[in-house]
Number of protein chains: 2
Amino acid sequence: MTTPGRGLHGRVLDSLGPAITAGEYPPGSVLRTDELAQHFEVSRSVMREAVRVLESMHLVESRRRVGVTVRPKAEWNVYDPQVIRWRLAGADRPHQLRSLTVLRSAVEPVAAGLAATNATARQCAELTECALGMVANSRGHRLDQYLVHDVAFHRVVLNASGNEMFARLGDVVAEVLTGRTHHEVMFEDPDPAAVTLHVQVAEAVRAGDAVRAEELTRQITVGALRELDILAP
Amino acid sequence: MTTPGRGLHGRVLDSLGPAITAGEYPPGSVLRTDELAQHFEVSRSVMREAVRVLESMHLVESRRRVGVTVRPKAEWNVYDPQVIRWRLAGADRPHQLRSLTVLRSAVEPVAAGLAATNATARQCAELTECALGMVANSRGHRLDQYLVHDVAFHRVVLNASGNEMFARLGDVVAEVLTGRTHHEVMFEDPDPAAVTLHVQVAEAVRAGDAVRAEELTRQITVGALRELDILAP
DNA sequence: GTGATGTATAAGTCTGACTTTTTGTGCCGG
DNA sequence: CCGGCACAAAAAGTCAGACTTATACATCAC
């Protein structure tokens, strides 16, 4: 699904990044570049590049005469897609999934409202296409195909909003939806009400009805929150 | 305000990062590590570390036998605080400010609603303190002090939401508020209505009234959107 | 035209020596 | 006993150079 680490430093990151985000090295821990290089059997230059990347994600801080110290969780760049993937792959996956779903519930309705006024004809067409694809695969345990269209749907909405910050959350939403399907409720068919809501959102966007698109999307995200027991049913 | 680049590679980034985000090297441009190293008068190792960081921000892609190519804007990690700062310092500052304000308008109301149910007594106290500080400095061209309290206020709300993704947007909001004060309307005193709204939000959060806190904060963000002519007055 | 082969290129890797900053310590004087 | 100052050790930071590897592109055979 995700491109594995390019080059040696990438493979080091694939191993060290998840270890840090998983709390294997608790905040305040001090690592030394030379030891890490030995442990991963790479040269110091490669190790230094890996540390630089971790530093740019605010996962660690490198200081002279001290070493590489792990920063407190609150300072991590939690919007970095790489960090998100590492955390989703780790132990606090459920917690991460909740945080991201709450974020979705704030962003997606507003994005849908903007999409209603900004979407191009092409995007409207894609939207209805995705919605139809969801309908077509909503019964008979065709969850894989359903998921593909669901992800595409939300991606188009975020892109159509015309706001680059929203657009960049497409990957995040994709991860959340995929994670939910593959780990929570992969047995049953999707909620028919949710499917209907997606179709209606597509209609509202096409009709340019911002208020309606926003409200309908809010209902979709409310459903997502309920699934994770963040809201009472 | 922001920590300048630590070490040589940091100084290279301070120069190269803004150049890329400003479009000085348009997407698709190919740079070569050796040339860059010469240009910045640093060794290849230092240059490589800088490129690695840019790569982790998805600003560039490094491929063998090709060089370092600048990626299209749509792929940049626009949530990276460093990238945000670089862009705010550059030419498309107005555009960036708009995008971020729209993001605020989506996130902050929801965050305020959550804060109403999750804020600790300590946080409630801080909130009223900030609000009072805003009131005290809302007249007589004391914009600097007003700004300090305004930033602190929104930071507390985002932290009190209990959602780590929201909390991490504190820096972004701070940049937006600071940017607005220092470049848009720094002559006149702040809108009295906005000041009142902040006080009322503090009250609502303290009272645990989530719906009211959300609605009031929505009014604040609507005001921010109007200021940038994103919404009609 | 298509496919195999070769080659030049730029990134990737490694090593070792050297520099610089910073922390901690220990000595000395007060 | 304490405060400050100088010194030494430790770890990151920097550099230069040699070597390796992947790959785009051109060339050639069919």
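Numbers restart at 1 for each chain; the letters A, B, ... are given by sequence-line order, proteins then strands.
Counting atom types as modelled, Arg65(A) pairs a side-chain N or O with a base atom of dT23(C) as donor and acceptor under 3.5 Å.
Note: CG (Leu36(B)) to P (dG12(C)) measures 13 Å, nearest angstrom. The CE-P distance, from Met47(B) to dG13(D), rounds to 17 Å in whole Å. The nearest whole Å value for the distance from the CZ atom in Phe40(A) to the P atom in dT13(C) is 15 Å. Straight-line distance from the NE2 atom of His9(A) to the P atom of dC14(C): 13 Å, rounded to whole Å. Atom CD of Glu49(A) is separated from atom P of dT13(C) by 7 Å (rounded to the nearest Å). As a whole-Å value, the separation of Arg48(B) CZ from dC14(C) C1' is 11 Å. One atom, CD of Glu61(A), and another, P of dT21(C), lie 17 Å apart when rounded to the nearest Å. Atom CD of Glu41(A) and atom C1' of dT13(C) are 15 Å apart (whole Å).
Within the nucleic acid shown, Val51(A) has no heavy atom closer than 4.0 Å to any nucleic acid atom. Residue-level contact check: Arg6(A) touches neither bases nor backbone, having no heavy atom under 4.0 Å from any strand.
A donor-acceptor pair shorter than 3.5 Å can be found between the side chains of Arg168(A) and Asn77(B). A donor-acceptor pair shorter than 3.5 Å can be found between the side chains of Ser99(A) and Glu164(B).
One finds no side-chain N or O of Arg44(B) lying less than 4.0 angstrom from the OP1 or OP2 phosphate oxygen of dG17(D). Remark: Ser62(A) is in phosphate contact with dG13(D), judged by side-chain N or O atoms under 4.0 Å from OP1 or OP2. At the phosphate of dA12(D), OP1 or OP2 sits under 4.0 Å from a side-chain N or O atom of Thr33(A). In this model, the phosphate group of dA12(D) is not approached by any side-chain N or O of Arg63(A) to a distance below 4.0 Å at OP1 or OP2. In this model, the phosphate group of dA11(D) is approached by a side-chain N or O of Arg32(A) to a distance below 4.0 Å at OP1 or OP2.
In summary, Arg52(B) and Glu55(B) engage in a salt bridge, as defined by a charged side-chain N under 4.0 Å from a carboxylate O. Using a 4.0 Å cut-off between charged side-chain N and carboxylate O, Glu126(A) and Arg122(A) make a salt bridge.
Using a 4.5 Å cut-off on side-chain heavy atoms (C-beta onward), Val157(B) and Val205(B) make no contact.
Out of dA11(C), dC14(C), dC15(D), the shortest distance to the side chain of Ser45(B) is found at dC15(D). Minimum atom distance to the side chain of Val46(A) is reached by dT13(C), of the listed dG13(D), dA16(D), dT13(C).
Of the two residues contacting DNA chain C, namely Ser43(A) and Gly67(B), the nearest-nucleotide position lying further toward the 5' end is that of Gly67(B).
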